[in-house]
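Input: a single structure, listed below in structure tokens.
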Amino acid sequence: MRISLIILFFLSFNAHASFPEFFGAGVQNAALGNQLSFDYTNPSHNFYVPASLAWNKNNVALEANVTHVASEFEPITNIVVKNSTNTSPASTSYGNVNTDYGTHQHSGINATIPVKTYGVFGLSVFTPVGSIMETNSGDAFLPEYVLYRSRYKRTQAFFNFAIPWSDTLALSVGAQMGFQAGANVNTNAALNGTGYGSSATAKTQVDPSLAGIFSLFYKMEDSHMYVTFQQQMKSNLESAATGYTANPPVPFDVTISSMIYFDPHIFRFGYGKNLGKFQFLGSVEYQMWESYETPIVRVIKNGGTLQGSDNYERVQPRNILVERIGLRFEASDSLGLNFGFVYRPSIFEQDYSGAGNSLDLATMILSGGVDYKFNLMNIPVQFNLGGQVHMLQEEKVAKSTNEEDGTSGLKIGAPGYTAGGTVSVITSGIKVEF
């Protein structure tokens, strides 16, 4: 039935989180474990602690970067890929899962602009190279690393205004921008042998949405402390698909629902100590994932004969504490070396023995980089180069007995597989002040 082509369009969306939160807003920040540095002129701090920009009132600062991301996950072979819950007539078949998610290039631009004596405006825009957004839901039944398939392949914008409250204390308010999408499709779907073709009418609407950002920054002679709150944002797609087949006249009425993007509530607390040649940086983030939904698109039957989704998978998302440590060594007045370590727990509480194969594993991240400062026609310039390796904790998955609906048989993913792998990141950028 040609209505399937329309439905497949809406199935192409996925649930994502944030590229800068995962891989870094700027090159120096990424090398330090995705956190604030002691360079308060760095405009990429607009993502982490925008209040730290408050005293940079003299110059416009601009930082541009390009990041290359490559993933390599464990191969998954010879598992059950079909059983009575996803094929008819009922049968059990084995196969392999494609764990090659390819490579991705992403760009970022961070800028700070003084607004007279009132404060500093910060803007950050992150976008895939060559596109605005790329989505991929992955497979609804097979093993899927739900936070890696295409979670970061979208354009994002963050804007803030930082105000110095005193010589040591600053605050900021701002927002990140997202969207809500809705569609209504009505079809007259003709089957093979009908004397005329299918037809349809469609109406879509995309509305912007905002999530607030607030931060406080306190600087001392050789140290600083800060707190940032970033509000949760859900970008949902909900589409109503109604119509009928012309011959025979079989009606259908379904709602297709998916959480296209998801950014958790984030509470970020950090401290930095400047020891001269060495600078120590540490932070923790409390990320609230309890409202997260997997990328699976849910088809809800309102009427007619088209079946709704079974939704056997019941994931248990949880809030997590992400720990970050950074160390910077000032080798000279112009050369700096940066190192970082991050530990991010899995956002899921359950093991993967039950129904469903949406995966997220605890991850250790090692990062490093170098930056070099020089003057070009009396303009301060800084070149940055960095990289990260995300090492997913290996986990042996063994599927429990019976199919997803409790009937006798084998679950999809049975008898089991090994989950894990690495994600490699290389990033470069340049910062200038005018």
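Values in this document were obtained by computation on a predicted structure and should not be read as measured data.
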Residue Phe229 excluded, over 12 heavy atoms near CZ under 6.0 Å:
yes
Gap separating the OH atom of Tyr312 from the CG atom of Asn86, nearest 0.5 angstrom
10.0 Å
Distance only, no hydrogens: is a donor on one side chain within 3.5 Å (strictly under) of an acceptor on the other, for Ser353 and Ser400?
no
Could you grab the distance from atom CD of Gln382 to atom CG of Asp39, nearest 0.5 Å is fine?
5.5 Å
What's the spacing between Ile213 CD1 and Phe47 CZ if we round to 0.5 Å?
7.5 Å
Check the surroundings of atom CD1 in Ile109: do more than 12 heavy atoms from other residues, nucleotides or ligands lie under 6.0 Å from it?
no
For a quick check under 3.5 Å, do Thr77 and Asn96 share a side-chain donor-acceptor pair by atom type?
no
Would you say the side-chain atoms of Glu144 and Ser358 include a donor-acceptor pair closer than 3.5 Å?
no
Just by distance, no angles: are the side chains of Gln35 and Ser283 close enough, under 3.5 Å, to form a donor-acceptor pair?
yes
Taking His224 as the fixed residue, which of Tyr271, Phe38, Tyr218 is the one that meets the ring pair (Phe, Tyr, Trp, His ring centres under 6.0 Å) rule?
Phe38
If you count heavy atoms of other groups shown closer than 6.0 angstrom to NZ of Lys57, is the number above 12?
yes
Checking side chain to side chain donor-acceptor pair (under 3.5 Å) against Gln287, which of Arg344, Glu21, His265 comes through?
Glu21
Under 3.5 Å, is there a donor on one side chain and an acceptor on the other for Asn274 and Glu221?
no
Is it the case that more than 12 heavy atoms not belonging to Leu123 sit under 6.0 Å from its CG atom?
yes
Does CG belonging to Asn375 count more than 12 external heavy atoms closer than 6.0 Å?
yes
Looking just at side-chain N and O atoms, do Tyr48 and Asn29 make a donor-acceptor pair shorter than 3.5 Å?
no
Is the shortest side-chain N to carboxylate O distance from Glu290 to Arg318 below 4.0 Å?
no
Euclidean distance, His45 NE2 relative to Ser215 OG, rounded to 0.5 Å
12.0 Å
Would you mind checking if Asp371 and Lys431 are paired as a salt bridge, meaning a charged N to carboxylate O distance below 4.0 Å?
no
With a 4.0 Å cut-off on N to O distance, would you call Lys277 and Glu330 a salt bridge?
no
May I ask you to check whether over 12 heavy atoms, not counting those of Tyr372, lie within 6.0 Å of atom OH?
no
Can you list the steps and then say if Lys411 with Glu404 is a salt bridge (Lys or Arg N to Asp or Glu O under 4.0 Å)?
CA-CA 6 Å; Lys411 286 184 174 65; Glu404 285 75 4; over 6 Å; no
Determine whether a donor-acceptor pair (N or O, by modelled atom type, separation under 3.5 Å) exists between the side chain of Asn83 and the backbone of Leu410.
yes
If you count the non-hydrogen atoms of other residues, nucleotides and ligands that lie under 6.0 Å from CE in Met220, is the total more than 12?
yes
